[in-house]
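Everything quoted here is computed from the prediction, not taken from an experiment. What you see below is based on every heavy atom in this structure, not just the backbone, and it leaves out hydrogens, waters and symmetry mates.
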Amino acid sequence: MPEPGPNENLDAFAIAKDALRLIGQFKTPPTPNVYRVWYRYVEGQDQDLVRQLQPAVNDARSVSVGMLESLHSQSPDVVDDTNANIGEALVAELSRFQNLLSQQQAAGDEFEGTIDTASKLLNTNSPTDKNSADCIAVINAGAALMKGQLTEASDKLAAAKNQIAKLQTELAQSRRGMMTDHLTGIGNRRYFDAHVRQTLQSLEYCSGAVYLILMDVDHFKNINDSFGHDAGDQVIRFIASETSRRHPNVSLSRLGGDEFAVILQTNSSLEAAEFADELRKFFATQKLKIMPSRTPMGSIRISMGLARLRVDDNEQSWYTRADAMLYRAKGAGRDQVAIEEECMPV
């Protein structure tokens, strides 16, 4: 079995279901700690835990509770609690669905037995009024029982469906939260990585060219040192909101600190460079004030590096080339745009 990698494409429900399968396979009790170790193993984010647990899983050896408890205590708890809990609850609700189906099957079998009994009463050589009365009584009793069971099952089914719909909504909200930068409300690094993978997979269907633009604020540390970190946060939010407002159709992410990424689909390198330089000039002409004091702070200077997506690119190579262009812009004096094809500032 290959070593699991990060399973970001799996939702919490799929991960939880596989974790519960492993609990059953290795006959480990589904305690919270044990469940979370298996969840982390399936998720694949904690590679140290995966490496320690993988040999036992590959060889189908016994996995002791002590081993799992030790792994739980040694490893950072990187499971997203909301997703893990929702995934576990979804599995539980689906289990209830299965129980309801089993109950309905049993009720159907029982009613079928009632019909068989009634049929035997009527198929005697000399049916009597008592036979007919008994037959009707048997059918009425069976029908009443079946109706009661159907009503109860229908109520339980409706409740289970409502609970699953609620959990699915919560899961979708949680996943959106995992993809969102909480300071700015735009995509975070996880969102960026997912969008890059999607772009790579759909490259053959893209018309024109696709560019990755990396951008960060020149001398951002000076802003924090001179005006405080709250002022720095205001700058970050301003860049995110204005870029989103001016260019609502591009994919914008905050990678961390003062670094942003834009994935831009365009027709040519000239259009991509003009897009980036227009954005750079806009921020360079804004005279900002720190709120609520309205202390003047001046304009923002931003450097940008652009790399066009190639057919042989992977996630790392595309990012590395754009990052090299960003450093080229910094080296050329900052407040610059550098694009790969020209290897020179715009």
Side-chain angles (χ1 to χ4, degrees), residues 6 8-9 11-12 45 78-86 166-199 210-221 223-224 227-266 272 275-276 278-295 297-306 315 318-319 322-323 326:
E8 293 180 356
N9 291 329
D11 60 28
Q45 297 288 346
V78 296
V79 178
D80 180 82
D81 286 337
T82 304
N83 271 6
N85 292 338
I86 291 173
K166 177 183 176 183
L167 290 168
Q168 287 174 328
T169 299
E170 291 176 358
L171 179 57
Q173 291 172 345
S174 174
R175 293 181 69 186
R176 282 196 296 272
M178 290 174 65
M179 295 281 191
T180 302
D181 175 63
H182 297 297
L183 177 63
T184 62
I186 63 174
N188 59 11
R189 183 60 189 249
R190 185 188 291 261
Y191 169 84
F192 169 75
D193 290 341
H195 200 171
V196 168
R197 286 194 297 272
Q198 181 182 4
T199 303
V210 183
Y211 280 85
L212 172 58
I213 305 173
L214 296 183
M215 50 190 273
D216 70 16
V217 182
D218 296 330
H219 303 298
F220 183 69
K221 184 176 182 297
I223 296 175
N224 284 331
F227 301 100
H229 287 278
D230 182 62
D233 287 348
Q234 290 184 40
V235 168
I236 295 300
R237 284 193 291 266
F238 178 72
I239 292 172
S241 64
E242 287 301 313
T243 303
S244 299
R245 183 183 66 81
R246 291 172 60 83
H247 304 287
N249 296 323
V250 301
S251 169
L252 175 65
S253 308
R254 182 186 176 210
L255 304 186
D258 60 318
E259 186 175 9
F260 295 83
V262 173
I263 295 178
L264 172 69
Q265 187 167 346
T266 185
F275 166 91
E278 178 193 56
L279 193 59
R280 179 196 64 80
K281 289 177 180 176
F282 169 77
F283 288 118
T285 58
Q286 303 304 300
K287 303 300 181 183
L288 304 184
K289 294 180 180 179
I290 303 169
M291 302 302 290
S293 65
R294 303 186 68 82
T295 303
M297 189 176 64
S299 59
I300 307 171
R301 305 293 173 172
I302 292 177
S303 296
M304 300 189 192
L306 288 72
E315 298 167 39
W318 194 22
Y319 179 88
D323 195 47
L326 176 60

Query raised in the report: Passes side chain to side chain contact (heavy atoms under 4.5 Å, CB included), M297 versus V235? Steps please.
Result: CA-CA 10 Å; M297 189 176 64; V235 168; 3.2 Å; yes
Hey, what do you get for [atom1] ([X]) to [atom2] ([Y]), rounding to the nearest 0.5 Å?
X: I186; Y: T180; atom1: CD1; atom2: OG1; result: 9.5 Å
X: E278; Y: F283; atom1: CD; atom2: CZ; result: 11.0 Å
X: L252; Y: F192; atom1: CG; atom2: CZ; result: 11.0 Å
X: I213; Y: L279; atom1: CD1; atom2: CG; result: 8.0 Å
X: D216; Y: R301; atom1: CG; atom2: CZ; result: 15.0 Å
X: L255; Y: Y191; atom1: CG; atom2: OH; result: 12.0 Å

Please report the shortest heavy-atom distance between [X] and [Y], naming the atom on each side.
X: S253; Y: N188; value: CB-O, 3.9 Å
X: A231; Y: I290; value: CB-CD1, 4.0 Å
X: L326; Y: S303; value: CD1-O, 3.3 Å
X: R280; Y: M304; value: N-CE, 3.7 Å
X: A240; Y: T184; value: CB-CB, 3.6 Å
X: S299; Y: A284; value: CB-O, 3.2 Å

Query - Ring-face cation contact, Y319 with R189, 6.0 Å cut, 45° max - result: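 Here R189 passes the 6.0 Å and 45° test against Y319.
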Using a 4.5 Å cut-off on heavy atoms from C-beta on, say whether the side chain of [Y] contacts that of [X].
X: T243; Y: F260; value: no
X: H247; Y: L264; value: no
X: I236; Y: F220; value: yes

Query - Any donor-acceptor N/O pair, E315 side chain to V196 backbone, under 3.5 Å - result: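 Checking the backbone N and O of V196 against the side chain of E315, no donor-acceptor pair under 3.5 Å is found.
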Requested in this report: Could you check R190, R237, R254 and say which one makes a salt bridge (Lys or Arg N to Asp or Glu O under 4.0 Å) with D181?
Outcome: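 That would be R254.
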Query raised in the report: Given F227 and L288, is the side chain to side chain contact (heavy atoms under 4.5 Å, CB included) satisfied, shown in steps?
Result: CA-CA 12 Å; F227 301 100; L288 304 184; over 6 Å; no
Query raised in the report: Is atom CZ of R245 surrounded by more than 12 heavy atoms (other residues, nucleotides or ligands) closer than 6.0 Å?
Result: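 Enclosed.
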